[in-house]
Participant: 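Structure in structure tokens, see below.
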Amino acid sequence: MSKVITSRELDYSKWYNDIVVEADMADHSAVRGCMVIKPHGYAIWEKMQQALDKMFKDTGHVNAYFPLFIPKSLFEAEEKNAEGFAKECAVVTHYRLKTDPNNPGKLIVDPEAKLEEELVVRPTSEAIIWNTYKGWIESYRDLPLLINQWANVVRWEMRTRLFLRTAEFLWQEGHTAHATKEEALEETKRMLDVYANFAENWMAMPVIKGVKTASERFAGADDTYCIEALMQDGKALQAGTSHFLGQNFAKAFDVKFATKEGKREHVWATSWGVSTRLMGALIMSHSDNNGLVIPPRLAPTQVVMVPIYKGEDGLKKVSEVAHALKEKLQAKNISVKYDDRDSQRPGWKFAEYELKGIPVRIAIGERDLANGTVEIARRDLLSKEIIKLEYVDTYVAKLLEDIQSNLYNKALERTKCMTYKVDTYADFKKTLDEKPGFILAHWDGTAETEEKIKEETKATIRCIPLNNEQENGLCIYSGKHSTQRVLFARAY
RNA sequence: CGGGGUGUAGCGUAGCCCGGUAUCGCGCCUGCUUUGGGAGCAGGAGGUCGUCAGUUCGAAUCUGGCCACCCCGACCA
């Protein structure tokens, strides 16, 4: 073993970091808090982008691109939004460097080149987009405006972790404008459903849809909807958010439209986003001590074929069969890589592709040629079977689907097993420490109680689940009356 | 940003307390033998010891600044 991954049981966060680095997904860069996404990681992100982008377009959205920089005066227009992000903004103050007269060969910021107005590197794009929308929206005929952008944003975080929290991250942000409140609310929930659908059907990651409490709300939103997923270690991860922005940005940027009746009204807005954090969610949903596990629908390479042979002639014979099989699989829209490098031995390749999470591995040796078979191994269960060559394409097509649903079912089962109903504060604390996971408990609905619980236990209200079952109970903290349980957890 | 720790070849490390020729393993290169779960043997290359300054005849080693990373807090998608 030349590459060793710390076991989950020994140190979960070290395990996570090992997977990211050893599976060749990303690495720390020379820039504080920023990562380099390597080809294998980026290929998975591209698969996510493709699937999401199609879903956005299928729901009527189009892509556009807005600037990285936001003039400070625009940024501060929506007060709550500005306040919420102010503490973590990178700010451009100068536009030129010059050689240091005291230190030849070194550069300093040219004090002569100070910007009249500072530029904020976008932590999110509402400000610049709504400033732009002002010029685009005049009449109800211009609505709804349904735009998405794929972009990078910067949030100057104190502590960073690969994919889960980096100073710069990649994401998509949808920004829509509507004539009515109802329509905007409908859009907010539609996109939440898109995210939940993507998480479950592509990432094989079950999620809880819900609405955030006031204190966890996006700065500038009237309501924040979210999908919350439970990771293997029992900590929750917010995997996507969809915000109902009311008329806050329309008012801040004075975006009005003429109604059919000729009246002038502020438009209603939504914004919604998912980021490269989903990569972290993917890892912590399925991977094991042998490395990454990628659900087939997001795997850039779904099947890897490894030849086993003696000598050049052996490789030639095996390759003939392998190439034919590769084409057969590709005809079924399966992405296949044939790794015929002579520089690595089969055992090395097996371990390598396992580490990188390739869902299916096919080994073809000279013994198989004689028997008309191949050996097929699945990454999720680490099991192997010998399959007749003529059935391989249909077998693999079915196997990929099996792996996809097995991963989802396993994650769903785990989430269910790690979700607890508790009725007393003592139980609540005990559960958090001994059996981390989701906790459904009664809450009196006040921000004070929420804050106290957070202070004392580090657990937060992840969301109030949608279509939540209504039942009378007593708040675990204050003992006051409550009508429903909310979802608590310690979170990433 | 506060507390603690780390930084030596691509990776992991020894050496540091007590200043004087930089250790070992993996990986890499060449050749031969190998190839059904991370191959074996032989030979070889690779280092301004994170960085900048200071102390010293001499610094990986002592002192200070800076940078990055890890752990624990506060902040957060």
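In the text below, chain A, chain B and the rest are named by the order of the sequence lines, each starting its count at 1. Here the structure is a predicted model, which is why all the values come from computation and not from measurement.
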Participant: Hey, are A:Lys57 and A:Asp53 close enough for a salt bridge, meaning a charged N less than 4.0 Å from a carboxylate O?
Facilitator: yes
Participant: Could you state the CD1-C1' distance from A:Ile5 to B:C11, rounded to the nearest angstrom?
Facilitator: 14 Å
Participant: Please report the distance separating the C1' of B:C52 from the corresponding atom of B:C29, rounded so that it comes out in whole Å.
Facilitator: 35 Å
Participant: B:U6 pairs with which nucleotide, Watson-Crick or G-U wobble, both distances below 3.5 Å?
Facilitator: B:A68
Participant: Should the pair A:Tyr133 and A:Trp130 be assigned to parallel (<30°), tilted (30 to 60°) or perpendicular (>60°) ring geometry?
Facilitator: perpendicular
Participant: What nucleic acid atoms does A:Arg341 come within less than 4.0 Å of, heavy atoms only: base, sugar-phosphate, or nothing?
Facilitator: nothing
Participant: Using 30° and 60° as the class boundaries, would you call the ring planes of A:Tyr12 and A:Trp15 parallel, tilted or perpendicular?
Facilitator: tilted
Participant: Judged by each residue's nearest nucleotide on RNA chain B, which is more toward the 5′ side, A:Glu354 or A:Trp171?
Facilitator: A:Glu354
Participant: Are A:Thr460 and A:Arg462 linked by a side-chain donor-acceptor pair shorter than 3.5 Å?
Facilitator: yes
Participant: For B:C75, give its Watson-Crick or G-U wobble partner with both distances under 3.5 Å, or none.
Facilitator: none
Participant: Would you say A:Arg345 places a side-chain N or O within less than 4.0 Å of OP1 or OP2 belonging to B:A39?
Facilitator: yes
Participant: Is there a side-chain polar atom (N or O) of A:Ser13 under 4.0 Å from OP1 or OP2 of B:C71?
Facilitator: yes
Participant: Provide the distance between the two C1' atoms, one in B:G50 and one in B:A42, to the nearest whole Å.
Facilitator: 36 Å
Participant: Can you find a side chain N or O atom of A:Arg159 that sits less than 4.0 Å from OP1 or OP2 on B:C72?
Facilitator: yes
Participant: Can you check the distance between B:U51 and B:A9, where both ends of the measurement are the P atom (answer in whole Å)?
Facilitator: 10 Å
Participant: Rounded to whole angstrom units, what separation is found between the CH2 atom of A:Trp15 and the C1' atom of B:C70?
Facilitator: 18 Å
Participant: Nearest heavy atom decides the nucleotide; on that basis, is A:Gly33 or A:Phe218 closer to the 5' end of RNA chain B?
Facilitator: A:Gly33
Participant: Indicate, with a heavy-atom threshold strictly under 4.0 Å, whether A:Leu237 touches base, sugar-phosphate, or nothing.
Facilitator: nothing
Participant: At under 4.0 Å between heavy atoms, what does A:Glu157 touch on the DNA or RNA strands: base, sugar-phosphate, or nothing?
Facilitator: base
Participant: Mind checking who B:A39 pairs with, Watson-Crick or G-U wobble, both distances under 3.5 Å?
Facilitator: B:U33
Participant: With heavy atoms under 4.0 Å as the rule, sort A:Thr241 into base, sugar-phosphate or nothing.
Facilitator: nothing
Participant: Rounding to a whole Å, what distance do you find between A:His28:NE2 and B:G7:C1'?
Facilitator: 13 Å
Participant: Taking atom C1' in both B:A59 and B:G19, what distance in whole Å separates the two?
Facilitator: 6 Å
Participant: Mind checking the P distance from B:C28 to B:G10? Whole angstroms is fine.
Facilitator: 14 Å
Participant: Report the base-pairing partner of B:U13 (Watson-Crick or G-U wobble, both distances below 3.5 angstrom), or none.
Facilitator: none
Participant: To check you understand the geometry: which heavy-atom pair defines the closest contact between A:Ala221 and A:His243, and what is its length?
Facilitator: CB-CB, 4.0 Å
Participant: When rounded to the nearest Å, what value does the distance between C1' atoms of B:U21 and B:G12 take?
Facilitator: 24 Å
Participant: Partner lookup for B:A53, please. Criteria are Watson-Crick or G-U wobble with both distances under 3.5 angstrom; report none if nothing qualifies.
Facilitator: B:U63
Participant: Just to be sure I understand the rule, does A:Ser343 reach a base, reach only the sugar-phosphate, or reach nothing, if contact means heavy atoms closer than 4.0 Å?
Facilitator: nothing
Participant: May I ask you to decide if the ring planes of A:Phe244 and A:Trp268 are parallel, tilted or perpendicular, using 30° and 60° as cut-offs?
Facilitator: parallel
Participant: Rounded to the Å, how far apart are A:Arg161 CZ and B:A68 C1'?
Facilitator: 17 Å
Participant: Measure CE/A:Met158 against P/B:A68 and give the value in whole Å, please.
Facilitator: 13 Å
Participant: Please give the distance between the P atoms of B:U35 and B:G47 as a whole number of Å.
Facilitator: 36 Å
Participant: Give a yes/no on whether any side-chain N or O of A:Lys458 is located under 4.0 angstrom from OP1 or OP2 of B:G73.
Facilitator: yes
Participant: Can you tell me if A:Lys87 touches the phosphate of B:C75, counting only side-chain N or O atoms and a distance under 4.0 Å to OP1 or OP2?
Facilitator: no
Participant: When you check the gap from the basic side-chain N to the acidic O, do A:Asp18 and A:Arg8 get nearer than 4.0 Å?
Facilitator: no
Participant: If we take the C1' atom in both B:A14 and B:G25, what is their distance in whole Å?
Facilitator: 11 Å
Participant: Nearest whole angstrom, please: distance from the P of B:U35 to the CD1 of A:Ile364.
Facilitator: 18 Å
Participant: Could you identify the nucleotide paired to B:C28, looking across every strand shown and requiring Watson-Crick or G-U wobble geometry with both distances under 3.5 Å?
Facilitator: B:G44
Participant: Between P on B:C75 and CD on A:Glu88, what's the gap in Å once rounded to a whole number?
Facilitator: 12 Å
